[in-house]
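In what follows, a structure is listed as structure tokens, so that the remarks can point back to it.
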Amino acid sequence: MPDLINTDFEVHSLERIAAAAPRPWWHLLKYAVAGILLGIVFVKAEIISWFRIQEMFRLQSFHMYGVIGSAVVVAAISVWIIKRFSIKTFSGEKIDFTPKKYNKGQVIGGLIFGAGWALTGACPGPLFAQIGTGAFVVIIMILSAMAGTWVYGLLREKLPH
């Protein structure tokens with residue numbers, strides 16, 4: 001088997017983090033603040049609402065499509081700016097965008113993800129914001145998402161990539 005080069009951004013990032021010197025716990029506060037602010041935005045934009053998500057899947061409202069479409073536009077502009085001006089990470093690393101091959105596993109995974117999203121009325125992003133609003137039943141979805149990720153890790157080599 002030829003040597004495979006792992007181009008996953010997360011893998012490179014985790015390797016770099018593991019090699020870095022340990023930082024005090026309070027360095028993580030910036031991530032907590034960013035997460036809390038993002039959660040507030042999710043709640044105010046109603047994108048954590050089970051009813052909004054059901055409206056989207058039933059094609060009854062444009063609200064969620066507008067939010068998702070806006071996110072795609074912002075992401076596209078952000079990637080263009082990063083490439084155009086060779087912007088680096090906060091730690092000075094060059095940001096590389098590696099083309100990914102299309103495969104049937106992406107379609108299968110997308111269908112599984114979409115089915116879970118439609119059935120539960122929640123995608124992984126806003127789950128913690130839902131807990132913040134008092135919807136503690138969402139803990140079951142978080143545990144299920146973690147279990148699904150664990151199963152994927154076990155079966156990764158046998159799945160289509």
Side-chain angles (χ1 to χ4, degrees), residues 1-43 47-50 52-54 56-57 64 67-69 71-72 74-76 78-79 82-83 87-161:
M1 175 184 263
D3 290 338
L4 297 176
I5 298 172
N6 193 341
T7 58
D8 289 344
F9 171 76
E10 293 84 4
V11 173
H12 293 291
S13 182
L14 291 175
E15 289 170 356
R16 189 185 124 307
I17 290 170
R23 294 183 175 168
W25 66 270
W26 48 268
H27 277 275
L28 298 176
L29 288 178
K30 59 187 170 194
Y31 301 110
V33 170
I36 290 169
L37 291 175
L38 185 63
I40 291 169
V41 169
F42 283 177
V43 171
I47 62 173
I48 65 165
S49 167
W50 182 88
R52 286 288 188 188
I53 294 168
Q54 289 303 308
M56 175 184 69
F57 281 108
M64 290 299 290
V67 171
I68 293 168
V72 169
V74 168
S78 299
V79 168
I82 290 169
K83 287 180 175 181
I87 295 176
K88 297 184 181 339
T89 65
F90 288 125
S91 58
E93 293 179 272
K94 183 179 183 286
I95 300 173
D96 289 321
F97 293 95
T98 307
K100 302 289 184 184
K101 282 188 186 178
Y102 173 79
N103 62 62
K104 65 182 177 182
Q106 294 165 335
V107 174
I108 296 167
L111 290 171
I112 293 169
F113 179 87
W117 193 9
L119 290 172
T120 63
C123 72
L127 287 177
F128 293 99
Q130 288 175 319
I131 290 175
T133 64
F136 296 110
V137 72
V138 172
I139 293 171
I140 294 169
M141 288 180 254
I142 290 174
L143 293 173
S144 298
M146 291 170 62
T149 303
W150 180 75
V151 169
Y152 170 77
L154 286 178
L155 301 176
R156 185 170 193 239
E157 300 301 322
K158 298 173 184 159
L159 296 172
H161 284 99

Do any side-chain atoms of residues 125-142 form donor-acceptor pairs under 3.5 angstrom with protein atoms, and if so which ones, sequence neighbours left out?
residue : atom : partner : partner atom : Å
Gln130  : NE2  : Ile48   : O            : 2.7
Thr133  : OG1  : Gln130  : O            : 2.6

Report all side-chain donor-acceptor pairs from residues 26-35 shorter than 3.5 Å, counting only partners two or more places apart or in another chain.
none

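Looking only at side-chain heavy atoms (C-beta outward), Tyr152 and Arg156 come within less than 4.5 Å of each other.
By the side-chain contact (heavy atoms from CB on, under 4.5 Å) test, Tyr102 pairs with Gln106, Val107, sequence neighbours left out. For Lys94, the side-chain hydrogen bond (donor to acceptor under 3.5 Å, both in side chains) criterion is met by Asp96, not counting sequence neighbours. For Ile40, the side-chain contact (heavy atoms from CB on, under 4.5 Å) partners are Ile36, Lys44, not counting sequence neighbours. Judged as a side-chain contact (heavy atoms from CB on, under 4.5 Å), and not counting sequence neighbours, the contacts of Trp117 are Ile53, Met56, Phe57, Ile68, Phe113, Cys123.
Panel note: side chain Gln54, backbone Leu119; no donor-acceptor pair is recorded below 3.5 Å.
In this structure, Trp50 and Thr120 approach most closely via the heavy-atom pair CD1-O, 3.3 Å.
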